[in-house]
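Reading through the structure tokens given below for one structure.
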Amino acid sequence: MTESLELSAGQLRFQCDESIFKFDTTESAPPLEVMIGQERAVKAVEFGLFTKIPGYNIFMSGLVGTGKITYAKSAVQKVAQDEAVPDDWCYVNNFENPGQPIAVSLPAGQGSIFRQDMQDLVENLKSDIPKIFSGDQYEQAKGDIVKTFQAKRAVIMEGFNQYCEQNEISPQWSTTGFIGLPVENGTPVTPEEFQKLDKDKREAIEQKLLAVHEKAMDAVRMVQQVERLAREELKGLDTKVGLFAAGHFIDDLQEKYQDFEKVVAYLDTVKAEVVKNINDFKPAANDEENNPFLMFKKNMQDSIKDKYKVNLLVDNRDMDGAPVVLEINPTYYNLVGRVEYENRMGVVSTDFSMIKSGALHRANGGYLLLNVRDVLTNIGAWEGLKRVLKTNTLLIENLSDQYGMLAMASVKPQAIPLNVKIILIGNPSLYHLLFNYDEDFRKLFKIYADFDIDMKNNDVNRQKLAGFITSTVKKEQLKPFDRSAVAKMVEHATRLAGSQDKLTTRFSDIVEVVCEADTWATMDQCPVVSAQHIRKAVDEKRYRSNKYEEKLQEMFAEGMFLIDTQDERVGQVNGLAVLAVGEYTFGKPSRITANTYLGKHGVINIERETEMSGTSHSKGVLILGGYLGQKYAQDQPLTVTASLTFEQLYEGVDGDSASSTELYAILSSLSEIPIKQYIAVTGSVNQKGEVQPIGGATQKIEGFYAVCKLKGLNGKQGVMIPYQNVKDLTLNDEVVEAVQQGQFHIYPVKTIDQGIEILTGIAAETVHQGVRQKLHSYTETLLKLSKSLDKEDK
């Protein structure tokens with residue numbers, strides 16, 4: 001019976017036949033050119049990339065190492081290379097409202113040309129305008145206007161002077177205004193002399209002074225009017241000369257960009273601005289050459305001329321197809337752009353030239369790849385991303401403006417229309433979190449591509465995995481792998497997947513072993529990587545991580561953990577658990593004991609009573625009461641109390657994988673039939689006595705084997721597992737060899753009856769009969785006690 005249930009060595013892991021690979025080494029093997037094991041996710045991504053309907057952005061999820069980012073980049077680049085190159089985007093000065101720069105789009109490559117054209121325009125203006133304003137014609141025209149003004153002013157002043165002479169008043173001009181002095185016999189009268197004159201004469205002179213003063217005011221107004229007209233004529237002359245100097249340059253640019261209305265309109269404002277501020281381009285006057293502040297003035301002029309430059313925000317001149325941008329630091333400003341500031345003479349200022357692009361600008365017209373966790377952990381980034389996707393416009397705003405933290409003067413650039421496909425990369429938990437709690441998410445990210453962690457272990461996928469190894473070898477410039485190495489990697493892929501029927505799709509783990517095997521081959525001075533180097537890489541990788549496992553093994557060897565692997569005991573079974581330290585998992589056997597006695601409390605879980613039991617473990621223990629009641633309490637009450645515990649367990653326990661083990665301990669205690677301590681048990685049980693599959697079967701078996709090896713193999717030791725877990729076994733070479741030599745045994749079971757027969761060597765019905773007898777004796781004892789108590793009461 002026992003032998004018929006025992007697994008053979010060939011059933012303990014998947015063994016890859018290296019002859020299926022039609023190459024000697026990967027040098028002659030074809031590399032992988034497609035994604036493997038992710039057909040569902042690939043179809044979802046392809047559809048998401050194909051459709052241009054708004055809201056069909058993509059969320060790619062899966063565990064780390066499944067190749068999401070690598071595939072996303074390659075898939076997006078493949079689609080993007082056949083699409084049109086998007087426009088360049090520039091910001092130019094808004095001369096009427098400098099705080100609102102104007103956005104201008106031009107075909108790819110034209111943006112840099114336009115920027116250079118504007119730089120050349122400014123240089124030409126800086127060169128030609130001073131020459132024209134220094135020319136003889138300009139000086140002559142300017143001189144004529146000045147002479148005309150001076151002549152008109154002279155006529156006005158001459159008439160005023162004659163009027164003063166007729167009224168015997170001497171005009172005196174000063175910085176404070178006009179003063180008239182009376183004249184007597186050709187000599188000005190002093191104030192003292194004026195006071196000595198008789199009253200009538202003083203009054204007559206005062207009347208003349210008043211009339212002359214009014215005439216002086218008229219003369220001043222006339223001179224000012226003539227001067228204003230002269231200034232207007234000079235300004236008109238400067239405008240005419242400025243238009244002559246700058247107009248043909250700007251006209252040429254307008255003709256060049258006549259197909260772009262926004263550029264033509266901008267150049268019109270440039271022309272008006274240049275003419276309006278023509279003094280910015282004039283040469284310095286002679287009296288300014290020795291001015292100590294001349295350098296400061298030149299710097300100010302250079303700053304003024306910067307307003308004609310072009311801020312090329314997005315330059316797609318070197319682009320081949322649509323842009324594909326992977327933003328590794330998606331902060332708010334790195335996504336939507338920013339307006340920078342600079343300190344000028346203690347004053348913080350900014351302008352249109354300090355507008356910087358974000359990832360959304362660079363990806364506009366193409367694709368943007370983002371890690372969703374990074375987006376969510378950066379303040380404002382997620383809300384900013386959703387806002388631009390909902391409005392299809394990209395507006396650069398300060399984060400402080402969004403949250404009202406600080407009111408600060410800044411420019412508000414004109415919004416840019418947005419056409420971008422977003423590919424978010426994350427894990428399933430983040431997807432479901434956003435889907436359930438963010439109502440915008442499900443509207444904006446309608447494509448969900450979920451990457452699986454494993455794929456079917458069939459010949460097609462084995463060949464594809466060989467192609468992936470070939471691609472990795474060539475990409476990383478490693479030594480070639482022979483067929484045995486590739487076959488060993490396939491076997492390791494099944495172990496990583498945790499099933500003989502599956503291959504892992506966590507390709508980062510595959511790459512690690514491939515690269516480490518190459519290193520071991522180099523250390524062995526082997527030109528080709530073979531199976532022994534794969535085995536060495538796996539063993540050494542495990543050794544680097546299994547310090548705590550070895551510490552536990554030492555404690556078992558020293559007897560600090562009480563465990564029996566040789567004898568038979570009543571009410572005692574060796575259970576198996578899995579521990580994890582980082583990414584490394586290993587099995588640890590634990591002694592589970594059960595004591596049964598007369599009572600009505602049913603099964604008592606000591607871990608639960610001490611609050612060390614998780615919900616799954618507590619549920620598993622409660623199921624035992626259902627099994628006992630169904631099996632043994634159909635015609636009598638279940639008058640038993642059974643206490644269960646994991647011996648020497650101090651950190652708590654969870655999971656129901658030990659429930660069958662605990663049931664075997666109870667049955668042994670009730671029937672008083674000893675259980676083989678050299679057979680460890682794992683598996684959960686339902687109320688009907690059916691053994692159910694568990695996780696970590698491979699690690700549990702290897703953990704118990706290691707303890708048995710420490711304490712001495714006797715040829716009878718082994719592990720009992722649920723039969724459903726047979727396909728999950730991917731045991732290491734040492735355990736497989738021990739099974740092959742008859743030193744270790746693995747038994748798959750379907751029911752509690754099968755398991756109890758293996759553990760006791762006795763037929764299940766005999767065990768059940770022993771349990772019934774014990775329960776019957778408990779019931780009789782309880783009845784006797786009850787009758788005795790009734791007699792005492794009477």
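In what follows, residues are counted from 1 in the order of the sequence shown. As the structure is a computational prediction, the values presented were derived from the model and not from experiment.
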Counting distance only, does the side-chain N/O of [X] pair as donor-acceptor with the main-chain N or O of [Y] below 3.5 Å?
X	Y	answer
Asn378	Ala381	no
Thr585	Ala580	no
Tyr584	Arg544	no
Asn334	Asn329	yes
Lys262	Ala103	yes
Arg506	Ile453	no
Asp454	Thr505	no
Asn427	Leu430	yes
Gln699	Val578	no
Asn93	Tyr308	no

Any side-chain heavy atom of [X] sitting closer than 4.5 Å to one from [Y]?
X	Y	value
Asp374	Pro330	yes
Leu434	Val372	yes
Tyr431	Asp450	no
Thr350	Val411	yes
Leu106	Val263	yes
Lys446	Asn57	no
Leu360	Asn364	no
Lys356	Glu340	yes

Could you walk me through whether Phe352 and Ile102 pass the side-chain contact (heavy atoms from CB on, under 4.5 Å) test, one step at a time?
-> CA-CA 9 Å; Phe352 77 99; Ile102 300 170; over 6 Å; no
Should Thr472 and Phe507 be marked as a side-chain contact (heavy atoms from CB on, under 4.5 Å) after you check the CA-CA gap, both sets of side-chain angles, and the distance that decides it?
-> CA-CA 10 Å; Thr472 303; Phe507 298 111; over 6 Å; no
Evaluate the salt bridge (Lys or Arg N to Asp or Glu O under 4.0 Å) criterion for residues Asp306 and Lys309: first the C-alpha distance (whole Å), next the side-chain angles of each, then the deciding distance (0.1 Å), finally the verdict.
-> CA-CA 5 Å; Asp306 285 344; Lys309 292 183 178 180; 3.1 Å; yes
Output, in order, the C-alpha distance, side-chain angles, deciding distance and verdict of salt bridge (Lys or Arg N to Asp or Glu O under 4.0 Å) for Glu397 and Arg338.
-> CA-CA 7 Å; Glu397 293 180 302; Arg338 60 167 59 83; over 6 Å; no
Pair Phe50 and Tyr56, ring centroids less than 6.0 Å apart | no
Assert yes or no for the condition that the ring centre distance of Phe59 to Phe435 is strictly below 6.0 Å.
-> no
Do NZ/NE/NH1/NH2 and the carboxylate oxygens of [X] and [Y] come within less than 4.0 Å?
X	Y	value
Asp117	Lys256	yes
Lys488	Glu491	yes
Lys390	Glu383	no
Arg317	Asp88	no
Lys386	Asp438	yes
Glu83	Lys52	yes

More than 12 foreign heavy atoms under 6.0 Å from [atom1] of [X]: is that the case here?
X	atom1	answer
Asp320	CG	no
Arg442	CZ	yes
Lys43	NZ	no

From [X] [atom1] over to [Y] [atom2], what is the distance, rounded to the nearest 0.5 angstrom?
X	Y	atom1	atom2	result
Phe260	Tyr266	CZ	OH	16.0 Å
Trp520	Cys515	CH2	SG	14.5 Å
Ser112	Leu312	OG	CG	6.5 Å
Arg462	Thr494	CZ	OG1	10.0 Å
Leu478	Thr26	CG	OG1	8.5 Å
His492	Ile534	NE2	CD1	8.5 Å

Should Lys536 and Glu540 be marked as a salt bridge (Lys or Arg N to Asp or Glu O under 4.0 Å) after you check the CA-CA gap, both sets of side-chain angles, and the distance that decides it?
-> CA-CA 6 Å; Lys536 179 72 170 177; Glu540 291 295 329; 3.2 Å; yes
Locate the shortest heavy-atom distance separating [X] from [Y]; write the atom from each residue and the value.
X	Y	value
Phe114	Tyr257	CA-OH, 3.2 Å
Phe586	Val581	CE2-CG2, 3.9 Å
Ala493	Ile510	CB-CD1, 4.0 Å
Val529	Ala517	CG1-CB, 3.9 Å
Lys456	Leu503	O-CD1, 4.1 Å
Gly321	Val85	N-CG2, 3.4 Å

Passes side-chain contact (heavy atoms from CB on, under 4.5 Å), Ile396 versus His361? Steps please.
-> CA-CA 10 Å; Ile396 299 177; His361 291 96; 3.7 Å; yes
Go through the steps to decide whether Thr504 and Lys502 satisfy the test side-chain contact (heavy atoms from CB on, under 4.5 Å), and finish with yes or no.
-> CA-CA 7 Å; Thr504 185; Lys502 301 289 185 180; over 6 Å; no
Among Arg542, Lys588, Glu702, which residue meets the side-chain contact (heavy atoms from CB on, under 4.5 Å) test with Glu549?
-> Arg542
Does any donor atom in the side chain of Asp351 or Ser353 lie under 3.5 Å from an acceptor atom in the other side chain?
-> yes
For the residue pair His432 and Tyr448, does the interplanar ring angle fall in the parallel (under 30°), tilted (30 to 60°) or perpendicular (over 60°) class?
-> perpendicular
